[in-house]
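Please read the structure below before turning to the comments.
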Amino acid sequence: AQTVTQSQPEMSVQEAETVTLSCTYDTSESDYYLFWYKQPPSRQMILVIRQEAYKQQNATENRFSVNFQKAAKSFSLKISDSQLGDAAMYFCAYRSAWSGGGADGLTFGKGTHLIIQP
Amino acid sequence: GAVVSQHPSWVICKSGTSVKIECRSLDFQATTMFWYRQFPKQSLMLMATSNEGSKATYEQGVEKDKFLINHASLTLSTLTVTSAHPEDSSFYICSAIFSNQPQHFGDGTRLSIL
(Lines give C-alpha, C1' and ligand atoms only; values in the text may rest on other atoms or scores of the structure.)
Protein backbone atom coordinates (compact mmCIF):
# COMPACT_ATOMS: atom_id res chain seq x y z
CA ALA A 1 0.00 0.00 0.00
CA GLN A 2 1.10 3.51 -0.69
CA THR A 3 1.61 6.08 2.03
CA VAL A 4 1.93 9.85 1.87
CA THR A 5 3.63 11.84 4.62
CA GLN A 6 3.39 15.54 5.26
CA SER A 7 5.66 16.33 8.18
CA GLN A 8 4.60 19.95 8.65
CA PRO A 9 1.22 20.25 10.41
CA GLU A 10 1.39 24.02 10.10
CA MET A 11 3.45 26.59 8.22
CA SER A 12 3.42 30.36 8.40
CA VAL A 13 4.75 32.82 5.82
CA GLN A 14 4.70 36.56 5.32
CA GLU A 15 2.61 37.88 2.47
CA ALA A 16 4.64 38.16 -0.76
CA GLU A 17 7.28 35.74 0.53
CA THR A 18 7.97 32.20 -0.68
CA VAL A 19 7.07 29.05 1.23
CA THR A 20 7.77 25.38 0.59
CA LEU A 21 5.53 22.57 1.79
CA SER A 22 7.06 19.13 2.13
CA CYS A 23 5.68 15.78 1.05
CA THR A 24 7.23 12.35 0.88
CA TYR A 25 5.61 9.14 -0.24
CA ASP A 26 6.28 5.46 -0.29
CA THR A 27 5.41 3.19 -3.20
CA SER A 28 6.73 0.19 -5.07
CA GLU A 29 5.14 1.36 -8.32
CA SER A 30 7.06 3.07 -11.08
CA ASP A 31 4.17 4.87 -12.74
CA TYR A 32 1.87 7.12 -10.75
CA TYR A 33 0.57 10.63 -10.31
CA LEU A 34 1.16 13.13 -7.54
CA PHE A 35 -1.07 16.06 -6.68
CA TRP A 36 -1.32 19.02 -4.39
CA TYR A 37 -4.83 20.01 -3.35
CA LYS A 38 -5.90 23.12 -1.49
CA GLN A 39 -8.81 22.99 0.95
CA PRO A 40 -9.99 26.39 2.19
CA PRO A 41 -12.44 26.73 5.11
CA SER A 42 -15.31 26.10 2.66
CA ARG A 43 -13.87 22.55 2.45
CA GLN A 44 -13.87 22.54 -1.33
CA MET A 45 -11.03 20.47 -2.76
CA ILE A 46 -9.16 22.57 -5.30
CA LEU A 47 -6.48 21.04 -7.50
CA VAL A 48 -3.33 23.14 -7.31
CA ILE A 49 -0.87 21.15 -9.37
CA ARG A 50 -0.33 17.70 -10.84
CA GLN A 51 2.83 15.74 -11.67
CA GLU A 52 3.18 12.58 -13.72
CA ALA A 53 5.92 10.36 -12.36
CA TYR A 54 7.29 9.54 -15.82
CA LYS A 55 7.96 13.21 -16.49
CA GLN A 56 11.28 14.50 -15.24
CA GLN A 57 10.32 18.13 -15.67
CA ASN A 58 8.82 19.71 -12.58
CA ALA A 59 5.25 20.95 -13.00
CA THR A 60 4.49 24.65 -12.62
CA GLU A 61 1.24 26.58 -12.45
CA ASN A 62 1.76 30.32 -12.18
CA ARG A 63 3.03 30.96 -8.62
CA PHE A 64 2.97 27.27 -7.74
CA SER A 65 5.75 24.87 -8.60
CA VAL A 66 6.91 21.49 -7.41
CA ASN A 67 10.26 19.88 -6.76
CA PHE A 68 9.76 16.25 -7.74
CA GLN A 69 12.58 13.94 -6.72
CA LYS A 70 11.51 10.47 -7.84
CA ALA A 71 14.47 8.57 -6.41
CA ALA A 72 14.01 10.24 -3.05
CA LYS A 73 10.21 9.92 -3.29
CA SER A 74 9.83 13.56 -2.47
CA PHE A 75 7.28 16.01 -3.88
CA SER A 76 7.43 19.48 -2.35
CA LEU A 77 5.26 22.45 -3.27
CA LYS A 78 6.69 25.95 -3.57
CA ILE A 79 4.37 28.91 -3.42
CA SER A 80 5.95 32.15 -4.59
CA ASP A 81 4.68 35.65 -3.81
CA SER A 82 2.29 34.29 -1.18
CA GLN A 83 -1.12 35.93 -1.08
CA LEU A 84 -3.75 36.08 1.63
CA GLY A 85 -5.99 33.90 -0.51
CA ASP A 86 -3.43 31.10 -0.36
CA ALA A 87 -4.28 30.47 3.29
CA ALA A 88 -5.77 26.98 3.50
CA MET A 89 -5.04 23.34 4.24
CA TYR A 90 -2.80 21.79 1.61
CA PHE A 91 -2.92 18.09 0.95
CA CYS A 92 -0.40 16.06 -0.98
CA ALA A 93 -1.94 13.07 -2.75
CA TYR A 94 -0.85 9.99 -4.64
CA ARG A 95 -2.65 7.98 -7.31
CA SER A 96 -1.58 4.90 -9.20
CA ALA A 97 -1.44 5.32 -12.94
CA TRP A 98 -4.38 4.13 -14.99
CA SER A 99 -4.14 0.37 -15.23
CA GLY A 100 -6.92 -0.26 -17.70
CA GLY A 101 -8.97 -2.08 -15.12
CA GLY A 102 -10.26 1.12 -13.58
CA ALA A 103 -8.95 4.18 -11.85
CA ASP A 104 -7.63 4.19 -8.31
CA GLY A 105 -8.63 6.60 -5.61
CA LEU A 106 -6.30 9.12 -4.04
CA THR A 107 -4.14 8.50 -0.99
CA PHE A 108 -3.79 11.74 0.94
CA GLY A 109 -1.25 13.01 3.41
CA LYS A 110 -2.43 14.49 6.68
CA GLY A 111 -2.20 18.01 5.39
CA THR A 112 -0.36 21.23 6.16
CA HIS A 113 -2.20 24.26 7.45
CA LEU A 114 -0.75 27.29 5.69
CA ILE A 115 -1.07 30.65 7.41
CA ILE A 116 -0.33 33.86 5.54
CA GLN A 117 0.79 36.76 7.71
CA PRO A 118 -0.21 40.17 6.31
CA GLY B 1 -14.17 23.14 -16.28
CA ALA B 2 -15.63 19.86 -15.14
CA VAL B 3 -18.33 20.16 -12.51
CA VAL B 4 -19.37 17.65 -9.89
CA SER B 5 -22.52 18.38 -7.94
CA GLN B 6 -23.10 16.84 -4.52
CA HIS B 7 -26.37 17.00 -2.65
CA PRO B 8 -27.31 17.70 0.06
CA SER B 9 -24.59 19.97 1.36
CA TRP B 10 -25.66 19.57 4.99
CA VAL B 11 -27.98 17.13 6.68
CA ILE B 12 -28.95 16.66 10.30
CA CYS B 13 -30.94 13.62 11.28
CA LYS B 14 -31.81 11.40 14.18
CA SER B 15 -29.87 8.31 15.10
CA GLY B 16 -31.17 5.22 13.36
CA THR B 17 -32.31 6.88 10.16
CA SER B 18 -30.80 6.34 6.73
CA VAL B 19 -29.33 9.17 4.72
CA LYS B 20 -28.75 9.29 0.98
CA ILE B 21 -26.11 11.50 -0.61
CA GLU B 22 -26.03 12.10 -4.36
CA CYS B 23 -23.01 12.80 -6.52
CA ARG B 24 -23.50 13.92 -10.12
CA SER B 25 -21.05 14.76 -12.86
CA LEU B 26 -22.78 17.58 -14.69
CA ASP B 27 -20.81 18.01 -17.89
CA PHE B 28 -18.95 14.76 -18.42
CA GLN B 29 -19.51 11.03 -18.16
CA ALA B 30 -17.51 9.73 -15.26
CA THR B 31 -15.88 6.37 -15.72
CA THR B 32 -15.35 6.09 -11.99
CA MET B 33 -16.61 7.86 -8.90
CA PHE B 34 -15.06 7.82 -5.46
CA TRP B 35 -16.37 8.43 -1.96
CA TYR B 36 -14.19 9.90 0.77
CA ARG B 37 -14.77 10.70 4.41
CA GLN B 38 -13.09 13.47 6.34
CA PHE B 39 -13.31 13.75 10.11
CA PRO B 40 -12.67 17.17 11.71
CA LYS B 41 -9.08 18.34 11.39
CA GLN B 42 -8.11 15.15 9.57
CA SER B 43 -7.34 14.17 6.03
CA LEU B 44 -9.59 12.61 3.44
CA MET B 45 -9.84 8.84 3.57
CA LEU B 46 -11.02 6.83 0.59
CA MET B 47 -14.08 4.78 1.47
CA ALA B 48 -15.01 3.16 -1.82
CA THR B 49 -14.60 3.19 -5.57
CA SER B 50 -17.71 3.10 -7.70
CA ASN B 51 -17.91 2.07 -11.34
CA GLU B 52 -21.10 2.37 -13.35
CA GLY B 53 -23.04 -0.87 -13.56
CA SER B 54 -20.83 -2.85 -11.19
CA LYS B 55 -20.49 -3.35 -7.46
CA ALA B 56 -18.47 -0.82 -5.53
CA THR B 57 -15.06 -1.70 -4.18
CA TYR B 58 -14.72 -0.84 -0.51
CA GLU B 59 -11.54 0.01 1.33
CA GLN B 60 -10.47 -2.11 4.25
CA GLY B 61 -12.41 -1.29 7.37
CA VAL B 62 -15.39 0.25 5.56
CA GLU B 63 -18.61 -1.70 6.10
CA LYS B 64 -20.33 -2.25 2.77
CA ASP B 65 -23.67 -2.98 4.44
CA LYS B 66 -23.42 0.28 6.34
CA PHE B 67 -22.41 2.45 3.42
CA LEU B 68 -24.43 1.40 0.39
CA ILE B 69 -23.22 2.68 -2.94
CA ASN B 70 -25.26 2.65 -6.12
CA HIS B 71 -23.84 3.79 -9.43
CA ALA B 72 -26.76 3.55 -11.81
CA SER B 73 -25.43 5.74 -14.60
CA LEU B 74 -22.26 7.36 -15.84
CA THR B 75 -23.29 10.63 -14.21
CA LEU B 76 -24.78 9.58 -10.87
CA SER B 77 -23.52 7.74 -7.82
CA THR B 78 -25.30 7.62 -4.47
CA LEU B 79 -24.03 6.84 -1.00
CA THR B 80 -26.58 5.72 1.58
CA VAL B 81 -25.55 5.68 5.21
CA THR B 82 -27.86 3.10 6.71
CA SER B 83 -29.04 3.24 10.33
CA ALA B 84 -26.77 6.20 10.96
CA HIS B 85 -25.32 6.75 14.42
CA PRO B 86 -23.44 9.71 15.94
CA GLU B 87 -20.08 8.13 15.11
CA ASP B 88 -21.04 8.34 11.42
CA SER B 89 -21.11 12.12 11.67
CA SER B 90 -18.48 13.39 9.27
CA PHE B 91 -17.84 15.26 6.05
CA TYR B 92 -18.46 13.05 3.04
CA ILE B 93 -17.07 14.10 -0.32
CA CYS B 94 -17.31 12.48 -3.70
CA SER B 95 -15.17 12.80 -6.76
CA ALA B 96 -15.52 11.77 -10.38
CA ILE B 97 -12.97 10.93 -12.99
CA PHE B 98 -12.90 10.45 -16.72
CA SER B 99 -10.04 8.38 -18.13
CA ASN B 100 -6.69 9.67 -16.89
CA GLN B 101 -7.83 13.13 -15.95
CA PRO B 102 -7.51 14.47 -12.38
CA GLN B 103 -10.40 13.80 -10.06
CA HIS B 104 -13.05 16.49 -9.83
CA PHE B 105 -14.53 16.86 -6.37
CA GLY B 106 -18.02 17.71 -5.25
CA ASP B 107 -18.47 20.35 -2.55
CA GLY B 108 -19.08 17.71 0.12
CA THR B 109 -21.86 16.81 2.52
CA ARG B 110 -21.71 17.59 6.19
CA LEU B 111 -23.57 14.83 8.01
CA SER B 112 -24.60 15.33 11.63
CA ILE B 113 -26.34 12.51 13.47
CA LEU B 114 -28.07 13.45 16.71
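Below, read A as the first sequence line, B as the second, and so on, with proteins coming before strands; counting in each chain starts at 1.
A/Tyr94 and B/Leu46 sit in two unconnected hydrophobic clusters of ILVMFWY residues. Membership requires side-chain heavy atoms under 4.5 Å apart, directly or through other members. Linking ILVMFWY side-chain heavy atoms closer than 4.5 Å, directly or via other members, places A/Leu34 and A/Val4 in a single hydrophobic cluster. Under the 4.5 Å side-chain heavy-atom criterion for ILVMFWY residues, a single connected hydrophobic cluster contains both B/Phe105 and B/Phe91. Cluster annotation: A/Trp36 is connected to A/Val13 through the hydrophobic network of ILVMFWY side chains, with a link wherever side-chain heavy atoms come within less than 4.5 Å. Linking ILVMFWY side-chain heavy atoms closer than 4.5 Å, directly or via other members, places A/Leu84 and A/Leu21 in a single hydrophobic cluster.
Contacts between residues 106-118 of chain A and chain B, counted as heavy-atom pairs separated by less than 4.5 Å, involve A/Leu106, A/Phe108, A/Gly109, A/Lys110. Identified by a heavy-atom distance below 4.5 Å to chain B, the contributing residues of residues 41-75 of chain A are A/Arg43, A/Gln44, A/Met45, A/Leu47, A/Arg50, in residue-number order.
Separation of atoms OG (B/Ser43) and OH (A/Tyr37) is listed at 12.0 Å; rounding is to 0.5 Å. Put simply, CE on A/Met89 and CD on B/Gln38 are 8.0 Å apart, with the number rounded to the nearest 0.5 Å.
Heavy-atom neighbours of A/Met11 CE from other residues, nucleotides or ligands within 6.0 Å: above the threshold of 12. For B/Lys66, the NZ atom sits in a packed shell: over 12 heavy atoms of surrounding residues, nucleotides or ligands are nearer than 6.0 Å. No more than 12 heavy atoms of other residues, nucleotides or ligands sit less than 6.0 Å from atom NE2 of B/His7.
In this structure, B/Leu79 belongs to a hydrophobic cluster whose other members, linked by side-chain heavy atoms under 4.5 Å apart, are B/Val11, B/Val19, B/Ile21, B/Trp35, B/Met47, B/Tyr58, B/Val62, B/Phe67, B/Ile69, B/Val81, B/Tyr92, B/Leu111, B/Ile113.
Across all non-hydrogen atoms, the minimal contact from B/Pro102 to A/Phe35 is CB-CE2, 4.1 Å.
For B/Gln103, the parts sitting under 4.5 Å from any heavy atom of chain A are the backbone and the side chain alike. Proximity to chain B (any heavy atom under 4.5 Å) is restricted, for A/Gln39, to the side chain, taken from C-beta onward.
For B/Thr57, the side-chain hydrogen bond (donor to acceptor under 3.5 Å, both in side chains) test picks out no residue, with sequence neighbours left out.
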